Amino acid sequence: MKGVHNHVESNEDVENELYELFLEARDCYSSEVKGRQVRLDYFIELFLSSHYYIDCEYAKCKNAHRRNLTLIRQLFTDSFHLVKPLFVKPSLTQAELSALVNSHLTSAVYSKKKAAYSLGCSFTDKQIEHMVSISEEYHIFKTMDGSNLQDALRSLFGCQNGFRLQVCHIRKAVVFFDELLECNLIGRNWQTVLDRCGLLVSVRSGKLIKRTSLSSSLSKARASVAAEYQSIRKAVFEMKKEELYESR
């Protein structure tokens with residue numbers, strides 16, 4: 001943040017600093033995550049670390065700054081679905097940010113359990129559509145109630161509380177997730193997150209797919225020379241390549 005530091009004397013001062021931080025975080029997100037393809041979770045961690053220190057010994061200023069950094073972290077993780085639409089707005093007023101913060105603080109959508117786990121990703125509508133096409137072509141996923149697969153994938157990658165997605169073929173699914181990791185589109189802990197959040201169900205057995213099953217299936221898929229697995233990897237890679245081309 002730029003400018004001379006002024007001591008916090010009122011709630012208005014706290015809100016002003018939050019507004020400045022948010023605008024800077026939004027601009028940095030555009031250049032780092034959208035431009036350089038930095039992972040969202042890494043971006044947030046680095047942004048907060050680079051803004052942790054303020055040149056002031058006044059306790060009220062330190063507390064206000066820490067409070068605002070906490071809100072930035074929460075907004076870009078737990079309530080990213082509220083933040084993302086603001087990225088396309090040419091300008092953002094302080095009143096709009098206050099309304100966003102209020103929605104975040106009063107929302108009951110995300111439970112503590114789900115907030116603890118994240119796949120570390122943020123996909124555009126076009127990427128979701130691309131992944132739907134991959135799933136349909138190779139018969140990877142199936143919704144529990146026959147509903148829209150686009151919405152189902154958004155719920156999956158958002159680790160939505162109580163959500164379940166059926167897997168038609170486990171090895172195809174793990175190849176799909178493994179290639180997303182190779183393309184730096186999801187976090188390395190994807191197996192643990194999918195297990196702990198209970199997001200995947202086997203069509204064949206009707207049971208939740210555990211981490212041990214994901215791990216063993218991935219080992220077998222990597223040892224296989226099946227053309228279909230390579231085609232899935234190529235399709236995911238093409239999606240990544242297309243995104244890089246469009247960001248130039």
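The structure displayed is predicted, hence computed values, not measured ones. Atom set for the values below is all heavy atoms of this structure, side chains included, hydrogens, waters and symmetry mates excluded.
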Kindly indicate, with the supporting measurements, whether the criterion side chain to side chain contact (heavy atoms under 4.5 Å, CB included) is fulfilled by L199 and F157.
CA-CA 9 Å; L199 294 168; F157 290 115; over 6 Å; no

Does T70 form a side chain to side chain contact (heavy atoms under 4.5 Å, CB included) with R73? I'd like the steps, not just the answer.
CA-CA 5 Å; T70 298; R73 176 182 59 77; 3.8 Å; yes

Are more than 12 heavy atoms, taken from residues, nucleotides or ligands other than N148, located less than 6.0 Å from that residue's CG atom?
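Result for CG/N148: enclosed.
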
Show your reasoning for whether side chain to side chain contact (heavy atoms under 4.5 Å, CB included) applies to L69 and R66.
CA-CA 5 Å; L69 289 181; R66 184 175 300 176; 5.8 Å; no

Over all atoms of both residues, closest heavy-atom pair of [X] and [Y]:
| X | Y | value |
| --- | --- | --- |
| V83 | L75 | CG2-O, 3.2 Å |
| F43 | Y29 | CZ-N, 3.5 Å |
| L119 | L156 | CD1-O, 3.8 Å |

Could you check if a side-chain atom of [X] sits within less than 4.5 angstrom of a side-chain atom of [Y], using non-hydrogen atoms only?
| X | Y | result |
| --- | --- | --- |
| V203 | C168 | yes |
| R67 | V14 | yes |
| F237 | L180 | no |
| M131 | F123 | yes |
| E182 | V236 | no |
| I232 | K172 | yes |
| K234 | Q230 | no |
| L100 | L97 | yes |

[X] side-chain N/O to [Y] backbone N/O, donor-acceptor pair under 3.5 Å:
| X | Y | value |
| --- | --- | --- |
| N16 | E12 | yes |
| S215 | T212 | no |
| D13 | S10 | yes |
| T124 | Q127 | yes |
| S224 | K220 | no |

Under a 3.5 Å cutoff, is there a donor and acceptor pairing between the side chains of H51 and E24?
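There is such a pair between these side chains.
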
Quick one: salt bridge (Lys or Arg N to Asp or Glu O under 4.0 Å) pairs with a partner in residues 42-52, sequence neighbours left out?
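Residue pairs with at least one partner in residues 42-52: there are none.
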
Just do the side chain to side chain contact (heavy atoms under 4.5 Å, CB included) check on L71 and L21 with the steps written out, would you?
CA-CA 10 Å; L71 273 175; L21 274 172; over 6 Å; no

Without placing hydrogens or testing angles, list every side-chain donor-acceptor pair under 3.5 Å for residues 184-195, not counting sequence neighbours.
residue : atom : partner : partner atom : Å
T192    : OG1  : R211    : NE           : 3.2
D195    : OD2  : R211    : N            : 3.3

Residue pairs involving residues 133-144 (criterion side-chain hydrogen bond (donor to acceptor under 3.5 Å, both in side chains); sequence neighbours excluded):
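For residues 133-144: none.
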
Determine whether Q37 and K240 satisfy the following criterion, side chain to side chain donor-acceptor pair (under 3.5 Å), listing intermediate values before the conclusion.
CA-CA 10 Å; Q37 304 300 309; K240 172 71 173 181; 3.3 Å; yes

Got a sec, which pairs hit ring pair (Phe, Tyr, Trp, His ring centres under 6.0 Å) with one end in residues 202-221, sequence neighbours left out?
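Sorted pair list comes back empty.
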
Please name all residues satisfying ring pair (Phe, Tyr, Trp, His ring centres under 6.0 Å) with F22, sequence neighbours left out, ordered by chain then number.
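Residues passing ring pair (Phe, Tyr, Trp, His ring centres under 6.0 Å) with F22: F76.
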
Could you walk me through whether E238 and K241 pass the salt bridge (charged side-chain N to carboxylate O under 4.0 Å, His left out) test, one step at a time?
CA-CA 5 Å; E238 289 299 322; K241 229 169 63 169; 3.5 Å; yes

Assess R39 against Y42: is NZ or CZ under 6.0 Å from the centre of the six-membered ring, and within 45 degrees of the ring's axis?
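Yes.
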
For K84, enumerate each residue passing the side chain to side chain contact (heavy atoms under 4.5 Å, CB included) test, keeping only those at least two apart in sequence or located in another chain.
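K84 satisfies side chain to side chain contact (heavy atoms under 4.5 Å, CB included) with F80, F87, S122 once adjacent residues are dropped.
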
